[in-house]
Amino acid sequence: MPELPEVETIVKGLRSCVLNKTISKVTVLHVKLLAKRSVIAFKSFLGNETIAQVKRRGKYIVIVFKSNKRLLLHLRMTGKFIYKQAAPSLKFNHIRLIFNFIDGSILYYQDLRIFGTFSLFNPLEEISEFKALGPDPFSKTLNPSCFIAKLKKRTVPIKNALLDQRLISGLGNIYTCEALFRAKINPLLPSNKLSLAQAATLLKSIRALLTLAIKYNGTTINDFRSVDDKAGRFQKLLKVYQKQGQTCPRCKKAEIIRIKQNQRSTFYCPFCQKSNL
DNA sequence: CTTAACGCCTGAAGGC
DNA sequence: TGCCTTCAGGCGTTAA
């Protein structure tokens, strides 16, 4: 579910409530979330650790402890955090992990579909998941010329290339559709057919879109919530995602259509996203 | 190497 | 009401 702006919103929320807190207890209600290590190892690894930083890379969250151990996690489709100062009277559904802090506050990890992943890294240990991960869209090293170089190597439609986290990390189904609309590029256009100018426009569009979406605390279609349980507000600014049948808000000459690419819905305007097809 | 399909899970929504 | 199918903001694995 969450893409870069939603993950960024959650990271900010975590910073505001769990920074400098020390874990007193970890409860694991669903073992499948944990990579490689046993429940016992997971608990002992995190016991008594103090949170020093909360960072984001692409859609990953990294919790860095004062000991320099790190917890890497990914929310996948339905992962979310709920923070409470004290134990609530009502039980939440689908809680998979609970972090208790020594000040009595509690961080719940809720994940309906249990796709989320948690893994632990010792100080200095390389985060294996980052080896092949593409640059964050806001990375200063990412410029139009290196972006086009990557795009030239792929023959898949540009929509599918943007979803590949090895190329650029952080975009999901909503923001790929919205970014391509902004850049007036057809989602079916083969990645290697983009011009340098189009790649530059696309990169600009991605950055402007994500910046705005972060400002609006992300997009809530069904159930995205920030750590303080608020819905995002960017859904009001979506132009094409789930707008099939509606008149294009830009050209007003065609209806937004929905197609399938690799079993996933793509939404675009067939008139103003003709590009060079 | 690249690419497409499947599987992981649960629940909501729509057709019959 | 119930049963069945499809769909969902993601991605690792597998097979071609």
Side-chain angles (χ1 to χ4, degrees), chain A residues 1-11 29-36 56-61 72-81 92-97 109-119 127-134 137 149-181 187-188 190-193 206 209-210 213-214 216-226 231-244 258-267:
Chain A
M1 130 186 132
E3 304 178 36
L4 190 151
E6 293 75 39
V7 177
E8 182 66 22
T9 301
I10 285 168
V11 163
L29 302 169
H30 216 288
V31 182
K32 280 201 170 175
L33 299 164
L34 314 181
K36 295 174 251 177
R56 179 191 62 73
R57 164 123 182 240
K59 300 177 201 170
Y60 284 95
I61 296 173
L72 177 78
L73 62 105
H74 196 299
L75 306 169
R76 302 293 170 117
M77 294 284 269
T78 52
K80 59 197 70 175
F81 283 105
F92 302 109
N93 289 329
H94 317 303
I95 299 301
R96 312 302 185 189
L97 277 176
Y109 176 70
Q110 184 187 51
D111 193 346
L112 186 148
R113 291 168 74 177
I114 326 168
F115 288 169
T117 51
F118 286 70
S119 36
I127 295 182
S128 41
E129 284 84 343
F130 288 174
K131 273 186 191 168
L133 191 67
K150 285 163 173 273
L151 295 175
K152 286 287 176 209
K153 290 181 190 158
R154 324 293 300 268
T155 58
V156 289
I158 183 62
K159 154 84 184 316
N160 297 329
L162 292 177
L163 284 174
D164 187 337
Q165 305 298 299
R166 292 170 301 183
L167 208 144
I168 183 168
S169 60
L171 297 172
N173 209 35
I174 296 178
Y175 296 107
T176 52
C177 293
E178 294 292 322
L180 289 167
F181 174 78
L188 294 158
S191 174
N192 59 2
K193 294 289 197 293
I206 289 168
L209 172 73
L210 296 179
I214 288 169
Y216 279 74
N217 288 333
T219 300
T220 297
I221 298 291
N222 288 316
D223 55 5
F224 165 71
R225 292 293 181 282
S226 54
R233 288 170 289 113
F234 193 71
Q235 60 278 10
K236 287 180 186 162
L237 301 189
L238 296 175
K239 308 289 188 197
V240 290
Y241 188 78
Q242 293 187 349
K243 305 290 183 191
Q244 71 275 25
R258 169 180 153 154
I259 60 168
K260 285 266 175 186
Q261 290 182 283
N262 274 3
Q263 356 245 68
R264 307 193 69 189
S265 290
T266 298
F267 305 86

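Lettering of chains follows the sequences in order, A, B, ..., and the numbering in each one begins at 1. Small disclaimer: the values here were computed from a predicted structure and weren't measured.
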Sugar-phosphate, base or nothing in reach of Ser265(A), heavy atoms under 4.0 Å
sugar-phosphate
Closer than 4.0 Å, any side-chain N/O of Gln165(A) to the OP1 or OP2 of dC11(C)?
yes
Could you tell me whether the side chain of Arg258(A) and the main chain of Lys260(A) form a donor-acceptor pair under 3.5 Å?
no
Test your reading of the model: is there a side-chain donor-acceptor pair from Asp223(A) to the backbone of Thr78(A), 3.5 Å cut-off?
no
In whole Å, what separates the P atom of dT1(C) from that of dT10(B)?
24 Å
Any non-hydrogen side-chain atom of Leu75(A) less than 4.5 Å from a side-chain atom of Lys80(A)?
no
Take the protein atom CG of Asn93(A) and the nucleotide atom C1' of dA12(B), then report the distance between them rounded to whole Å.
15 Å
Students often get this wrong, so: under 4.0 angstrom with heavy atoms, is Phe234(A) touching a base, only sugar-phosphate, or nothing?
nothing
Nucleic acid contacts of residues 167-175 of chain A, taken as heavy-atom distances under 4.0 Å to DNA chain C:
Gly172(A), Asn173(A), Ile174(A)
Side-chain donor/acceptor of Gln165(A) to backbone N/O of Leu163(A), under 3.5 Å
yes
Counting just side-chain N and O atoms, does Lys153(A) come under 4.0 Å of either OP1 or OP2 of dT2(B)?
no
Starting from P on dC8(B), measure out to CG on Leu112(A) and report it in whole angstrom.
17 Å
For dT3(B), does either OP1 or OP2 sit under 4.0 Å from a side-chain N or O belonging to Thr155(A)?
yes
From the options dT2(B), dG12(C), dT10(B), select the nucleotide whose nearest atom is closest to the side chain of Arg113(A).
dT10(B)
Below 30° counts as parallel, above 60° as perpendicular, anything between as tilted: where do the rings of Tyr241(A) and Phe267(A) land?
perpendicular
Starting from the 5' end of DNA chain C, give me the residue, Arg264(A) or Arg258(A), whose nearest nucleotide shows up first.
Arg258(A)
Tell me the interatomic distance from Arg76(A), atom CZ, to dC11(C), atom C1', rounded to whole angstroms.
5 Å
Rounding to an integer number of Å, can you tell me how far Arg166(A) CZ sits from dT3(B) C1'?
10 Å
For the CG atom of Asn222(A) and the CG atom of Leu112(A), what is their distance to the nearest 0.5 Å?
11.0 Å
Is there a donor-acceptor contact under 3.5 Å from the side chain of Gln261(A) to the main chain of Pro157(A)?
no
I want to check one thing: is the phosphate of dG10(C), taken as OP1 and OP2, less than 4.0 Å away from some side-chain N or O of His74(A)?
no
Rounding to 0.5 Å, atoms CZ (Arg96(A)) and CG (Leu34(A)) come to a distance of 12.5 Å
Length of the line joining Tyr60(A):OH and dC11(C):P, which is rounded to integer Å
7 Å
Base, sugar-phosphate, or nothing for Asp223(A), non-hydrogen atoms under 4.0 angstrom?
base
Could you tell me whether the side chain of Phe234(A) reaches within less than 4.5 Å of the side chain of Pro5(A), counting heavy atoms only?
no
Gln263(A) CD to dG7(B) P: how many Å, rounded?
11 Å
Grab the CZ-C1' distance between Phe115(A) and dG12(C) for me, whole Å please.
12 Å
With the side chain of Glu3(A) defined as its heavy atoms from C-beta on, choose the nearest nucleotide among dT10(B), dG9(C), dC6(B).
dG9(C)
Single hit among Leu180(A), Leu162(A), Leu4(A) for side-chain contact (heavy atoms from CB on, under 4.5 Å) with Ile206(A)
Leu162(A)
May I ask you to evaluate whether Lys59(A) reaches the phosphate of dC11(C), defined as a side-chain N or O under 4.0 Å from OP1 or OP2?
yes
Name the closest nucleotide to the Asn262(A) side chain, picking from dG12(C), dA5(B), dT10(B).
dA5(B)
Sticking with atom P, work out how far dA13(B) lies from dG9(C), rounded to a whole angstrom.
16 Å
Have a look at Lys80(A) and say if it touches a base, only the backbone sugar-phosphate, or nothing, with a 4.0 Å heavy-atom cut-off.
nothing
Rounded interatomic separation in angstrom, taking CG from Leu163(A) and P from dA4(B):
12 Å
Taking for each residue the nucleotide of DNA chain C with the nearest heavy atom, is it Lys260(A) or Glu129(A) whose nucleotide lies nearer the 5' end?
Lys260(A)
Is the side chain of Glu6(A) donor-acceptor paired with the backbone N or O of Thr219(A) at a distance under 3.5 Å, no angle test?
yes
Both distances under 3.5 Å, Watson-Crick or G-U wobble: on that basis, could you give the dot-bracket string for DNA chain C, with [ ] for crossing pairs and | for other-strand partners?
.|||||||.|||||||
As a test of reading the structure: which of dG9(C), dT2(B), dG12(C) is closest to the side chain of Arg154(A), going by heavy atoms?
dT2(B)
